[in-house]
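Here's the structure we're looking at; comments come further down.
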2 protein chains.
Amino acid sequence: MNGSLSPEQVVSAARRLITAGGLDAFSMRKLAAVLDVNPMTIYLRFESKDVLLQAVAQASLTGLRLPPPSGSWIDQVVDLAAAIKDHLVADRAMLRVHSDPARLSAGVLGAVDRGLGLMAEVGYEGAHAVESFRQLFWSAVGAALVDGTFDSLPGSRSDLTDALAAVDDHPHIHDHATHFGPVDANRLFRSTARSLAVGLAAAAPMEIPS
Amino acid sequence: MNGSLSPEQVVSAARRLITAGGLDAFSMRKLAAVLDVNPMTIYLRFESKDVLLQAVAQASLTGLRLPPPSGSWIDQVVDLAAAIKDHLVADRAMLRVHSDPARLSAGVLGAVDRGLGLMAEVGYEGAHAVESFRQLFWSAVGAALVDGTFDSLPGSRSDLTDALAAVDDHPHIHDHATHFGPVDANRLFRSTARSLAVGLAAAAPMEIPS
DNA sequence: ACCTGAACACCGTTCAAGT
DNA sequence: ACCTGAACACCGTTCAAGT
């Protein structure tokens, strides 16, 4: 190893390691082993594990691709939110890391621009357009963070088994017990985004374009 | 120390430690020091750090209190979502831990029951009621996870400074640049929940009750 | 200038030994 | 039966020393 270790090499090796083994199992020493380098050599490129992980998180945001616009206004809103969420989910292992990715990737900027455009189409202007798009954007981020947590909070069968024990206090749960199947994260997010889009459209100054 | 260390003591000390110092700084050895006990004694109560953290996460879900129902149907839906989210945010440091809290607290069950009831009020039945409530519930969980990440993804001023550099490709961002102030997480979530509620109401079989 | 080995102050957890 | 001390196999990071 002599001047041959670029920061990009470090980031991409770290990304591979995290995607393969998760964030918890990631360590500077393992990364050094994979790079066939002394652990301390990495510290010549990145001042700490934290700084390296931020670079990794930023790299993971760069590849967002938007689907071509098609369908009704509501369809387009839902598609956009889903694209954001899906991209974030793909790099979910790194999401927690985001404490300061000040610079945004071109992909994310494209999504922001598309979203603002959609809001403008139904008459949202200025701060209202920003506000409306933010609802969509942060819902997508939340869904991405939540993805994988599904089945560990209300909704899975095992939860309801317990709930039925407390059924005296919870008549509605009792009535709907048979309908609590497993959660399809993707389907659920799309229907949520659709409801959100309908709500945004209803409050918009203009009619929904056809 | 002789038979005097209850699992409850361990959980509540762990909770205090995590709330005060965050999950990253939490360790079994520090917990043992706070409890004035040998680190290994904790392992007689909980088989691993992971298992202990799950018990902590579950304990943190127990205290959810619902606000008294008031206002329009939409107001109530928004209030419910906000209550869930606020409670989760309060214990946000522990949220990541949830890999298997199979048993739900009474507080969460109450929220599920209230939500299903609200959906029934506008005519959602069976699986549709469950589906509609899930949109609300998981939005709240997502918002809770996201809370604190605000200002690190699109929306903060520093982001837009960068975005303006790429302005040729992003006309909508350019037009709205001055409206990207800091994000008020709480206000944003409430307006998101409101849009969601409007969307759910619009698709409901019945009229919104007054 | 660039890299490294040894060392420091931590981890979670195992296990043989103590009372 | 209940607890513990020493030990193992790890961490991130510092820093003096090597080339």
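Residue numbering restarts at 1 for every chain, and letters A, B, ... go by the order of the sequence lines.
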* To do: Output yes when a side-chain donor or acceptor of B:Y124 lies under 3.5 Å from a complementary backbone atom of B:E131, and no otherwise.
  => no
* Would you say the side chain of A:L52 lies within less than 4.5 Å of the side chain of A:E47, judging by non-hydrogen atoms? -> no
* Asked: Is there side-chain contact between B:F46 and B:V11, with heavy atoms separated by less than 4.5 Å?
  -> yes
* Structure fact -> Per-nucleotide protein contact along nucleotides 5-19 of chain C, 5' to 3', at a 4.0 Å heavy-atom cut-off (B base, S sugar-phosphate only, - neither), is B-B---BBBB-----
* **Partner set under side chain to side chain contact (heavy atoms under 4.5 Å, CB included) for B:E125, not counting sequence neighbours** => none
* List in chain and number order the residues that pass salt bridge (Lys or Arg N to Asp or Glu O under 4.0 Å) with A:R29, two or more places apart in sequence or in another chain; answer none if no residue qualifies. => none
* List for me each residue that meets side-chain hydrogen bond (donor to acceptor under 3.5 Å, both in side chains) alongside B:S195, sequence neighbours excluded, and say none if there are none. => A:Q135
* For A:E8, what residues pass the side-chain hydrogen bond (donor to acceptor under 3.5 Å, both in side chains) criterion, not counting sequence neighbours? -> none
* Structure fact -> Read 5' to 3' with Watson-Crick or G-U pairs under 3.5 Å, [ ] for crossing pairs and | for partners on another strand, DNA chain C gives ||.|||||...|||||.||
